[in-house]
Structures are given as C-alpha cells and as structure tokens.
Amino acid sequence: MTLVSDQSRVNIAGLSRAELERAFVDRGVAAPEKARMRARQAWRWIHHYGAVDFAAMTDIAKETRQAMAEAFSIQRPQIAEAQESADGVIKWLIRFAPGVEAETVFIPDVARSGALCVSSQVGCTLNCPFCHTGTQGLVRNLSAAEIVAQVQTARDALGEWPTSLENRRLSNIVFMGMGEPLYNLDNVAAALDVISDNEGIAISRRRITVSTSGVVPQIRALGERTGAMLAVSLHAATDELRDRLVPINRRYPLAELMAAIRAYPGLSNARRVTFEYVMLKGVNDSPADAKALLRLIAGVPAKINLIPFNPWPGAPFECSSSAAIEAFAAILKRAGYASPIRKPRGQEILAACGQLRSESEKVRASVRRKAIAAA
Ligand code: SAH
Ligand code: SF4
C-alpha cells in the first residue's frame, strides 16, 4: 500500500500494525527494538481512542510524541457532503483525493444495532443495469486505508470513540456500497484486519459482511483471508435471466457460483450466506421465479434479503408491487427460509441500495495532475 503523505509526513491513520511498525523504523522515530511497542501504543490511540493528535498520546514520552508529530500525521479524508434522511440514515460523500469520491452510509436500527455500508471502489467495472453505481464506470480501487477511513469518519460523526463493546450504534459493517469488493480483495482484506482488531475498532469478523455480484474465483479466498460473512447478489435463478441482470454471470454462470458458495469456508447454519434479491416488476418477481430460486439454493444454509428496487433517475426498471413481494416472500418462508423484505432506507437522499453514485469520472492521471496544478 502506498503511504499517503502530507508534505513529508506519512499519514498513519489507516496503516496495518506491520506498516505502522515499519514507519516508525523507516522514519527513525523508534529504534528497531522499540518499534513494536511504540506501534502498539500508537495503534491504541488511533484505533481505540480515535486520536488525531499526537499530543493526546499521554503514555508516550514527550520527545517521542514530538518526533512522531514531525514524521507522521493522522488525517481523515475530506467530507465533501453529509446528508441525513428523515429515517435517520446518514450518507457521507467522502473525498479521498481530488476527483476521487465515494459514498458511505450509516443505517441505524439494523443488524445488532446499526450498520455502516462502505464502498470498496469508486464506481464499478461491472454494469448491472438496475444499479446506479454501475452507470458510473470504475474510477479506481480504494486503498485499505481509505476503506478504514470510512469507518473512522462514521465513528467520528457518531461520537463512538473510544471503542465500547456495549451500546454501540455502529455494530456491523457491510461491504455493500460502491464497487465490487472481490475485485479489490487485497485492500478489503487488509482493511478488515484493521477494523476487526480487538485493540482497536473491534468489530468482529462475524459482524462484517462482504457482498459480491459473483466473482467466483475469489470467493474461497475471501473466506480464507477474512473470515467475513458472505452475501451474494443473486437477483435471478436462471442463467438466461441472470446473464441480463448481473452480466458477470456470463463469465461465471450459476452452477459455478453455487458450487463456490457451497464450498465457502465456515458456511453453516450458524453462519449462513445471505442472498440478495432485488424485486423488479415483471422481471424476476413471479411465484415461478420464487420456486426456481428455491430449487437453485436447496441445501445451502441461507437467508434471503428481498430488496424492493430503489429507483434512480433514468433507471430502466420499476419496483415490484407490495403484493408481489409479499407473495414471493411467503413462498420462501414456507420453505423454511428467513426472507426479510428490506425496508427502503434513506431513499430521499439516494442512500439506499444501488442508488450510490458519485460524480467522479475516470480521468487520465496526467490530465488530473494538470488540473490540480492549474487549480
Ligand atoms: N458489487 C457488490 C456490492 C454492492 S452491494 C454486489 O453487487 O454485490 C449493493 C447491493 O444492492 C447489491 O445486492 C446490488 O445488487 C443491490 N442493488 C443495486 N442496485 C439496486 C437498486 N437500484 N435497488 C435495490 N438494490 C440494488
Ligand atoms: Fe457493481 Fe454491484 Fe452495482 Fe453490479 S450491483 S454494478 S457489481 S456495485
């Protein structure tokens, strides 16, 4: 990972423990034999207390703090915009660099307490036709530090430092924002190591869910490297329909996808896969579709989230009627599956599933550099 620097100072806000230790040595702030201890102390301050100022690190000798402040910074990315909807959903548009913006959404009163929906990429290379993010194209992957920064930003805003294991509002994390996490697995895995660390933000891996559109070759690696819960955006039970709705299906068809899901490390009744199924009027919402879905997933420990389609400007689909969604859910329920209908949250601020999109466009690095220089 590249270390983001402010002038010559290294931003250490999102580094892994090993990177932090190395930074202490590389910058001559601690002797190699002391680096581990110093990194551990700094880690607690950054990730448990949410410190952004070295002066606060009172158990570290003053001279060392001084040396740290000269070599390092603890920076948050800029919040370009923050919006709160009437139902308490908060959406942040976070500017990681000029022209590189992604959205992060806090949804209260879900899961154990509240979930933060984080982005893994700015835009997406895939183009599922019902998804607003898919219309944007990929600008770039987010680094591990940039993914961690989304959680830190939310904790800042919610006032949830230092980490407390009780009464947290932010209890769960879902990688269901912009982008396809399994096309950025190295950074997602590194971010998970930081976020789940017990001496820091301490959100357990079982409370972190990673959603994929079906990047089959990376599914096992996700489980092995992160221990995260798996969610799969299924949306259709036949290849014919899924080829249209989730075009990555043409590359990794349902038989391969289902085999990878069945082999997901740790899958059990206590650790079920979540299937996401967007309800599109007249497209995938008939009782026959529900029965095809049951046949497809037979024997897989699963729950099914039915997501009423969230509209966005120019979207070529409509949401199924409540009656159709309820009939669909009833068929799944009768077969023994938990199949909650996800209540649309934060729709009026375009913060609901599939509505995220930033104005960031991919521009050639040379063009961007020129624009920055001109500004
Ligand atoms: N790229 C990953 C992670 C994004 S998760 C994935 O596709 O799984 C975002 C979830 O919202 C996915 O299940 C996606 O299919 C769903 N979604 C996208 N557009 C939507 C829309 N307009 N209405 C409801 N759900 C949508
Ligand atoms: Fe990308 Fe997921 Fe949207 Fe498809 S649904 S375009 S994979 S973010």
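Whatever order the structure lists ligands and atoms in, that order sets their numbers, starting from 1. Fair warning: this is a prediction, and the values are worked out from it, not measured in the lab.
We find that Arg250 and Asp239 are not joined by a salt bridge, their nearest charged nitrogen and carboxylate oxygen being 4.0 Å or further apart. The residues Glu21 and Arg17 are annotated as not salt-bridged, no charged nitrogen and carboxylate oxygen being separated by less than 4.0 angstrom. Under the 4.0 Å criterion applied to side-chain N and carboxylate O atoms, Arg95 and Glu81 are not assigned as salt-bridge partners. Salt-bridge check for Arg205 with Asp197: failed, with every basic side-chain N at 4.0 Å or more from each acidic carboxylate O. Ion pairing between a basic and an acidic side chain is recognised when a charged N comes within 4.0 Å of a carboxylate O; Asp59 and Arg44 show no such pairing. Arg140 and Glu146 are joined by a salt bridge, as a carboxylate oxygen and a charged side-chain nitrogen come within less than 4.0 angstrom of each other.
Residue contacts with ligand 1 for Thr133 are absent, since no atom lies close enough (heavy atoms, distance under 4.0 Å). At a heavy-atom cutoff of 4.0 Å, ligand 2 is contacted by the side chain of Cys124 but not by its backbone. Heavy atoms of Glu276 found under 4.0 angstrom from ligand 1 belong exclusively to the side chain.
In this structure, CD1 on Ile297 lies 12.0 Å from CG on Leu254, to the nearest 0.5 angstrom.
Atoms of ligand 1 lying under 4.0 Å from at least one heavy atom of Thr212, given by number and element, are 6 (C), 8 (O). Short contacts between ligand 1 and Ile307, defined as distances under 4.0 Å to a heavy atom of the residue, involve ligand atoms 24 (C), 25 (N). Residue Ser211 has at least one heavy-atom neighbour below 4.0 Å for each of these atoms of ligand 1: 2 (C), 3 (C), 5 (S), 6 (C), 8 (O). Ligand 1 places these atoms under 4.0 Å from at least one heavy atom of Val278: 23 (N), 24 (C), 25 (N). The ligand atoms of ligand 1 that sit less than 4.0 angstrom from a heavy atom of Glu180 are 1 (N), 2 (C). Shown in contact with Gly134 at under 4.0 Å from a heavy atom are these atoms of ligand 2, numbered in order with element: 6 (S). Annotation for ligand 1: atoms under 4.0 Å from non-hydrogen atoms of Asn310 are 21 (C), 22 (N), 23 (N), 24 (C). Close approach of ligand 2 to Ser213 (heavy-atom distance below 4.0 Å) involves ligand atoms 7 (S).
In this structure, the ring of Phe130 has its center less than 6.0 angstrom from the ring center of His235.
Not close to ligand 1: Phe317, with no non-hydrogen atom less than 4.0 angstrom away. Judged by the shortest distance from any of its heavy atoms, Ser120 lies outside the 4.0 Å radius around the atoms of ligand 1.
Under the 4.0 Å distance rule, the nearest protein heavy atom to atom 2 (Fe) of ligand 2 falls outside the cut-off.
Gln75 and Ser73 share a side-chain donor-acceptor pair at under 3.5 Å. For the residue pair Ser211/Glu276, the side-chain donor-acceptor check at 3.5 Å is satisfied.
Among all protein heavy atoms, the one lying closest to atom 4 (Fe) of ligand 2 is Cys128 SG, 2.3 Å.
Residue contacts to atom 3 (Fe) of ligand 2: Cys131 brings an N, O or S atom closer than 2.8 Å.
Here the side chain of Asn284 pairs a donor or acceptor atom with the backbone of Val278 at under 3.5 angstrom. Glu19 places a side-chain N or O within 3.5 Å of a backbone atom of Ser16 that can act as its donor or acceptor partner.
Here the shortest heavy-atom distance to atom 16 (C) of ligand 1, taken over Phe130, Tyr277, Phe309, belongs to Phe130. One option in Ser233, Cys124, Gly177 has a heavy atom closer to atom 4 (C) of ligand 1 than any other, and that option is Gly177.
Considering backbone and side-chain atoms together, Gly179 places an N or O closer than 3.5 Å to an N or O of ligand 1. For ligand 1, one of its N or O atoms has an N or O atom of His235 under 3.5 Å away.
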